[in-house]
Amino acid sequence: MLDSVRVRLTLWYVGVLALVLVGLSAALYAMVSRSLYADLDDNLRLSLETVAVKLVRELGEGTPERPAALDAINELSTREAAAVYSASGALVAEQPAQGGIHARPPARDSLRAGDIHLETETQRAGGDLVTRRVASQSVQVSAQNGPYVLVVSASFEPVTDELGDIRELLYVIVPASLLLSGLGGWFLARRSLSPVVAMSERAHRIGAENLEQRLPVGNPRDELGRLASTFNELLARLNESFSYQRRFMADASHELRTPLSVMRTATDVTLEREGRAEGEYRDALKIIDEQTRRLSRIVEDMFTLARADVGRQGLRPCDFYLDELVMEAARAAGVLAAHKGVEVMVAPAPETPFHGDEGLLRQMLLNLLDNAVKHTPGGGSVHIRLARSYASLTITVSDTGTGIPAEAQPHIFERFYRVDKARSRAEAAHAAGSGAGLGLSIARWIAEAHGGRLELGSSEAAGSTFVASLPSAL
Ligand code: ADP
């Protein structure tokens, strides 16, 4: 049960409220009780004063001692016991309270002339022990009369009764308000946490197959609304990358299917009839060889892209000279270009030490040069140039080829994108060198993994220019 946030919130709420209520009630009770006891003492003092004034007046008018004292104490209510004693301790007059309770004088030496002495006394009345508050005072009436000891006592009962009533009230009010506020707290916690319950139920039903579903967002400005929105954004990103992966898988299998079906056709046709000439077998094997090369290239590209998906961790950096790498790539591309009658030219570059993944950067340059040579008709040329600016190195590959149509330009860096799919597939059936539309996306990833960029500088009917920029230091 304590595993529920709702229960814990309610318990905390009720616990803190209980502390506050109990503390407040105790303080209130202490204050009321102090003031009730002080009132009792004040009343006794007042009664003593009344008796003293009356006694002084009666004696002054010549009334004899006993009737004067009786008159004086008769002024008081019957709940108070009163008595007048002479200085020797003899009782002059007395009015006991209801129940035969007497006002007894205090010990002689505890009284000082004029002072009011207050004490609590217990006496037996009708078989019961009663506790009363007693006030006494020694009064000198005149040179001939006195001193007299006046004693008034009052019961604690009204005070204890009143305090008992207050206690009973608190015993009801405190638990009742705790119960009420506990119920209120429970209801409130339930209401405010209900969006969380709804969210978790919906989230429970979301899986890879229905990632387009979203969590309900109650109030987008409160904490839970923000949590739901953040979760929804996460779902959107996951959905995007899932659909990307699905597209990638579909495209990849599509690409792998073409060479495989070419090979199957070649073997089927060759094996259909027995006793073929050696030349026919050689032709079939040549086709299979071309297609396996093509398959290896696609698989290798896909492997590189899998490395791309882990980001920079996929790099194996080392120190080398970038100008030498550019020369080497140009030389390799030059061999292929020579067959086509295309010239590959390298602009002279200063010695450029570099720290990066040499293998990957070679692949980037070869992809760019391959594309340039592939799309440049015989008699054309491809230029590669390495230049250093303030904090970056720029490698420009330009050709005098066919150019890229404007509507295709925004897509050429996408995986498996080819400008003319039909033509490229047809070529693919015959040439191992034709790409699967992965070359530029791999080249761009390589530049980005080195903290740089790869852009299409320009492309028109007269040729295209690709610009790769790399930071001088990785
Ligand atoms: P592939 O590996 O199939 O060549 P890329 O990703 O390298 O795929 O290129 C994507 C598309 O961009 C290609 O289909 C090609 O038509 C076009 N392209 C790339 N480079 C050039 C270029 N230098 N000149 C003309 N078209 C190009």
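When a ligand or atom number is given, it counts from 1 through the structure's own listing order.
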With sequence neighbours excluded, what pairs up with Asn210 under the side chain to side chain contact (heavy atoms under 4.5 Å, CB included) test?
-> Ile206, Glu212, Gln213

Does ligand 1 have any atom sitting under 4.0 Å from a heavy atom of Asp399?
-> yes

Looking at ligand 1, does Ser464 have a heavy atom less than 4.0 Å from it?
-> yes

Answer yes or no: does an N/O atom from Gly403 fall short of 3.5 Å to an N/O atom of ligand 1?
-> no

Side chain, backbone, both or neither: which part of His375 comes within less than 4.0 Å of ligand 1 when only heavy atoms are counted?
-> side chain

Could you tell me whether Ala408 approaches ligand 1 through its side chain, its backbone, both or neither, with non-hydrogen atoms closer than 4.0 Å?
-> neither

Close-contact set for ligand 1 against Phe466 heavy atoms, below 4.0 Å | 20 (N), 23 (N)

Any N or O of Val419 closer than 3.5 Å to N or O of ligand 1 | yes

Does NZ or CZ of Arg276 come closer than 6.0 Å to the centre of the six-membered ring of Tyr281, within 45° of the ring's axis?
-> no

Which atoms of ligand 1 have any heavy atom of Lys374 under 4.0 Å away?
-> 4 (O)

For Asp399 and Gly401, indicate whether the former's side chain and the latter's backbone hold a donor-acceptor pair under 3.5 Å.
-> yes

Here the atoms of ligand 1 under 4.0 Å from any heavy atom belonging to Arg418 are 3 (O), 14 (O)

Say whether Asn371, considering both its backbone and side-chain N or O atoms, lies within less than 3.5 Å of an N or O atom on ligand 1.
-> yes

Salt-bridge criterion met for Arg45 and Asp42 (N-O under 4.0 Å) = yes

Just which atoms of ligand 1 are under 4.0 Å from any heavy atom in Ala372?
-> 23 (N)

Flag the pair Arg294 and Glu255 as a salt bridge only when some basic side-chain nitrogen lies within less than 4.0 angstrom of an acidic carboxylate oxygen.
-> yes

N/O donor-acceptor pair under 3.5 Å between Ser469 side chain and Leu393 backbone | no

Ligand-residue contact atoms, ligand 1 with Ile412, heavy atoms, under 4.0 Å | 6 (O), 10 (C), 12 (O)

Is Arg444 salt-bridged to Glu455, cutoff N-O under 4.0 Å?
-> yes

Consider ligand 1: state whether an atom of it lies below 4.0 angstrom from any non-hydrogen atom of Phe413.
-> no

Answer yes or no: is there a donor N or O on one side and an acceptor on the other, between the side chain of His450 and the main chain of Asp357, under 3.5 Å?
-> yes

Tell me the side-chain hydrogen bond (donor to acceptor under 3.5 Å, both in side chains) pairs involving residues 234-247, sequence neighbours left out?
-> Tyr244-Arg415

